[in-house]
Amino acid sequence: MSTEKKPLNFIEQIIEEDLKNDYKISDLKFRFPPEPNGFLHIGHASSICLNFGLGEKYKAPVNLRFDDTNPIKEETVYVDSIKKDVAWLGFKWAEECYASDYFEQLYNWSVDLIKTGDAYVDSQTSEAIAEQKGTPTKPGTASPYRSRSVEENLSLFEDMKNGDTAEKAHVLRAKIDMSSPNMIMRDPVMYRCLHKAHHRTGNDWKIYPMYDWAHGESDFIESISHSFCTLEFLPHRELYNWFVERVGKPEDLKPKQREFARRNLSHTVVSKRKLAQLVEKNIVSSWDDPRMPTISGLRRRGYTPESIRNFADSIGIGKRENMIDVAHLEFCVRDDLNKKAPRVMGVLDPLKLVITNYPEDQTEWLEAENNPEDESAGSREMPFSKELYIEKEDFREEANRKFFRLKLGKEVRLKNAYIIKAEDVVKDEDGNILEVHCTYDPESKSGSGTEASKRKVKGTLHWVSIPEAVEAEVRLYDRLFSVEDPTADKDKDFIDFINPESLEVTKAYVEPSLKSAKPEDKVQFQRIGYFCVDQDSTSDHLVFNRTVTLRDNWKK
RNA sequence: UGGCCUAUGGUGUAACUGGCAACACAUCUGGUUUUGGUCCAGAAGAGUCUAGGUUCGAGCCCUAGUAGGCCAACCA
């Protein structure tokens, strides 16, 4: 495709190596296997982009597989949100699969394993089993039930399956090696008895397979060639291979598990448990609160799928501990929105500006470019009148020459309009500035081509005409945590590092063209930042979420 | 008294598998600009965890350390 040879990450190198050896390109098949017990977050986005990205690169199918082996924690609502998020990111899965679809097959294979002496029913408490497991430095000891006869195992397993035994009474274990240096290999549990209804299989099953038993076999059933997971599963690889070798025919292509490092993002947390706490403790409003690093939160915040995919691609994939600066994520949205978001004007902290030499009841409709980065975005008209709002921080009675804004006796350009000169201020008895009075140069109208319009002035301000201004609610979001890694301090709870200013709600005045803005519309309030219309927004009550500020080089 | 993984500018990844370290973000300078945005030009910043070894030559290979991470759920 592209002539430039982009360096391959280590995962791609593994695939290229396999392709050179015993794999055909048509053998390639991947999967994204979320457990439907929570919402997807930015960390998952990396995994999604890795797997589906590989699918696009090699034109290989990628399955969306729900790893639904634990009915206690899993629910259909999560299935739905996961599907929505993956689709929103712009990926198409080949098949929608469920580990639960394979329960029957898994059961039959387990019976085979019992028959070959590779599995047995243990009837001890989980405490006793844990006790016998040993420690990383001490080998485990065998269960007294380890040498049960095949017949007894078969019969007990049958009882378990039928729900004739109590939960916790028995488990099925693989018979491997109680003294393995890899603790995962010390006779891992394959099945537990759980008399719970499953979101898809209902009450059909009284036993449910454990992750290790279900995952690799699901990969095998779907002919997945490469099964990518995070680093903490590395010790599971040995078991993954052990199971997969015992299933199917020797000549079958067996899936390969390979591991990569999960991504950590600065100034936030990326763990389902911690994110759940933020919701439960009402620190954020919901899972899709725009401050949450969930896909749904980022979407509501105004992030685009392209920006997230570009982020995932640009941070690459590795095997070491990492902490990615959220500034990089912010760069990615700005980069995308700069090309896409229409420019509009809105004043967040208004200061009344009166143009003393402008006709009393006149309203002019001035042309304004929608996006200087995109010719095809066209233009719109916005009203100009005698009384305007400008940003309070854009005016000072006096300031040094580094202040490129309005000060008494000096000129400034009103974006898309005229050059004005501040003449006077009106204050209340406490000295607060209530109004700024200025004069305008009628010859300086933007785009008029006159000599006056071409004059260079120190600064350009955004503004909005008071009579036509539309009131809107603006939610100014900032980083959720005030430190890079809120989990770093072992003596403190991560909640202690919440940024108290992560949300500021304020009232703004925006230009009238925004009246028809719809949820998820994205705009750039010029000189301020990128904003996204919130789902709470209505035509009577506009609500904008700040996605990210503009990059600001002005140092005070 | 274990096994496994990892170690490259502030951050994240590269380095044609042995030929004196590159890209992006962040930072700092200039220039352009009717957004202190964008864009353009440029700068600074690592000698690749340490110590040995192999080699004409090591970030890449070997050995030993050191540091960090993972592994003892009827979770995934």
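All of these numbers come straight from a predicted model, not from anything done at the bench. Per chain, numbering begins at 1; letters A, B, ... match sequence-line order.
- Within a 6.0 Å sphere centred on CZ of A:Arg237, other residues, nucleotides and ligands contribute more than 12 heavy atoms.
- If you check every strand for non-hydrogen atoms under 4.0 Å, A:Phe311 touches nothing.
- Side-chain N/O atoms of A:Glu238 and base N/O atoms of B:rG3 include no donor-acceptor pair closer than 3.5 Å.
- Contact annotation: side chain of A:Gln524 to base of B:rU35, donor-acceptor pair present below 3.5 Å.
- When rounded to the nearest whole Å, the span between CG of A:Leu366 and P of B:rU34 equals 17 Å.
- In this structure, A:Val171 reaches the bases: a heavy-atom distance under 4.0 Å links it to at least one base atom across the strands shown.
- Within a 6.0 Å sphere centred on NZ of A:Lys421, other residues, nucleotides and ligands contribute 12 heavy atoms or fewer.
- A donor-acceptor contact under 3.5 Å is not formed by the side chain of A:Arg413 with the base of B:rU33.
- To the nearest angstrom, P of B:rC71 lies 13 Å from CG of A:Asp212.
- Among the heavy atoms of the strands lying under 4.0 Å from A:Gln13 is at least one base atom, whether or not backbone atoms are also near.
- Whole-Å rounding puts the A:Phe404 CZ to B:rG36 C1' distance at 7 Å.
- Distance A:Asn338 CG to B:rC40 P: 11 Å, rounded to the nearest Å.
- Remark: the backbone N or O of A:Arg320 is paired with a side-chain donor or acceptor of A:Asn322 at under 3.5 angstrom.
- For the pair A:Leu406 CG and B:rG36 P, the computed distance is 13 Å after rounding to whole Å.
- Counting to the nearest Å, the P atom of B:rC71 and the OH atom of A:Tyr211 are 13 Å from each other.
- What separates CZ of A:Arg192 from C1' of B:rA76 is a distance of 9 Å, to the nearest Å.
- For the pair A:Asp68 (side chain) and A:Ser100 (backbone), a donor-acceptor distance under 3.5 Å is present.
- The base of B:rG36 sits within donor-acceptor range of the side chain of A:Arg405, with an N or O pair under 3.5 Å.
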